[in-house]
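Accompanying notes for the structure given below.
Start at 1 and go down the list; that is how both ligands and their atoms are numbered.
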Amino acid sequence: MRVAAAASASLFALAALASPHVSHCDVSKLSLPLPNGTTALTPPAQAGTKLKYVAVGLGVQNYTCGASGTYAYAGAVANLYDISCLGRSPLFPYIQEIAYALAEAGPKADNVLDKVLGGARLKLGEHYFVTSPSGSGISPKFDFTKAMHSSSAYVLAAKAGNMAAPTGPADVDWLQLNDVQGELAKSVYRVQTRGGQPAATCATGQFSSVPYAAQYWFYV
Ligand SMILES: *[C@@H]1O[C@H](CO)[C@@H](O)[C@H](O)[C@H]1NC(C)=O
Ligand SMILES: *[C@@H]1O[C@H](CO)[C@@H](O)[C@H](O)[C@H]1NC(C)=O
């Protein structure tokens with residue numbers, strides 16, 4: 001699935017499957033792909049929340065190199081594309097692989113993904129970091145305000161749980177992020193991650209932006 005040519009062909013197939021009413025697809029039958037016995041993240045059924053959107057995120061995880069010669073987290077920036085309508089596709093569990101193959105292909109890949117997935121029609125919003133409400137540190141934000149034409153269609157979240165990616169150490173952690181501000185969702189889970197991990201060692205002061213893709217599941 002990591003071969004770019006195959007990925008592009010698959011994306012055309014995906015785009016054909018997506019209906020124009022992308023944000024209104026029924027996602028009630030989809031279940032978050034947590035490994036059996038997961039306790040590090042609270043499963044949505046246990047949290048009493050309901051799935052509203054599934055997105056694939058494509059972007060970068062940023063790191064700055066500290067005095068100890070190891071990378072410290074410095075936020076991320078990603079575009080979020082609606083895959084809620086692709087839930088029944090056999091490719092659904094692999095969409096992040098396709099996105100990641102494009103990311104590896106270079107910085108223009110985001111535009112390619114945008115085009116093959118149908119551009120603005122499928123773009124739900126952006127994921128980025130802002131100063132935490134406490135005034136120190138950074139917090140993840142998921143911003144759908146443009147697509148939804150609503151100033152409250154965002155989630156500013158705090159990490160409620162994390163676990164190592166079941167796929168191995170090259171992939172960023174799976175996360176549960178709970179809402180702190182905004183009306184978009186009560187919790188957001190980052191799962192099916194690909195890439196995004198920094199090098200093990202670095203030169204102090206160095207900055208690193210590592211391509212990644214992941215699925216983000218939004219629960220209300
Ligand atoms: C996880 O649990 C489900 C239902 O209890 C079961 O059908 C499935 O085989 C289990 N998967 C693994 C990998 O153990
Ligand atoms: C992350 O790095 C990218 C460049 O690769 C930059 O555009 C973006 O603003 C950075 N975001 C943060 C939160 O540092």
- request: Considering only non-hydrogen protein atoms, determine which one is nearest to atom 4 (C) of ligand 2 and report residue, atom name and distance to 0.1 Å.
  value: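 Heavy-atom neighbour on the protein nearest atom 4 (C) of ligand 2: Ser209 OG, 3.6 Å.
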- prompt: Who's the nearest protein heavy-atom neighbour of atom 2 (O) of ligand 2, and how far?
  reply: Asn62 ND2, 2.6 Å
message: Could you walk me through whether Phe129 and Tyr73 satisfy the side-chain contact (heavy atoms from CB on, under 4.5 Å) test, starting with their C-alpha distance in whole Å, then the side-chain angles of each, then the deciding distance to 0.1 Å, before giving a yes or no?
response: CA-CA 11 Å; Phe129 279 70; Tyr73 193 59; 3.5 Å; yes
Stepwise side-chain contact (heavy atoms from CB on, under 4.5 Å) check, Gln206 with Tyr71: CA-CA 9 Å; Gln206 205 176 351; Tyr71 277 117; 3.5 Å; yes
Atom pair CG (Leu86) and CD1 (Ile95), whose distance is rounded to the nearest 0.5 Å: 4.5 Å
task: With heavy atoms under 4.0 Å as the rule, classify the contact between Tyr73 and ligand 2 as side chain, backbone, both or neither.
output: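 The answer is neither.
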task: Would you check whether Tyr128 reaches within less than 4.0 Å of ligand 2, judged by its heavy atoms?
output: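 Tyr128 does not count as a contact of ligand 2 under the 4.0 Å cut-off.
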Worked verdict on Gln96 versus Val191 for side-chain contact (heavy atoms from CB on, under 4.5 Å): CA-CA 10 Å; Gln96 69 287 346; Val191 297; over 6 Å; no
field: Nearest option to atom 7 (O) of ligand 2, as decided by whichever heavy atom of Val210, Val77, Val130 sits closest
entry: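 Selected option, by shortest heavy-atom distance: Val77.
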message: Could you go through Trp174 and Met163, starting from their C-alpha distance and side-chain angles, then the distance that decides it, and tell me whether this counts as side-chain contact (heavy atoms from CB on, under 4.5 Å)?
response: CA-CA 5 Å; Trp174 290 21; Met163 58 184 267; 3.7 Å; yes
message: Within ligand 2, which atoms have a heavy atom of Ala74 less than 4.0 Å away?
response: 12 (C), 13 (C), 14 (O)
message: Looking at every non-hydrogen atom in both residues, tell me the closest pair between Lys141 and Tyr154 and how far apart they are.
response: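 Result for this residue pair: CE-CD1, 3.6 Å.
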task: For atom 9 (O) of ligand 2, decide whether some protein heavy-atom distance is shorter than 4.0 Å.
output: no
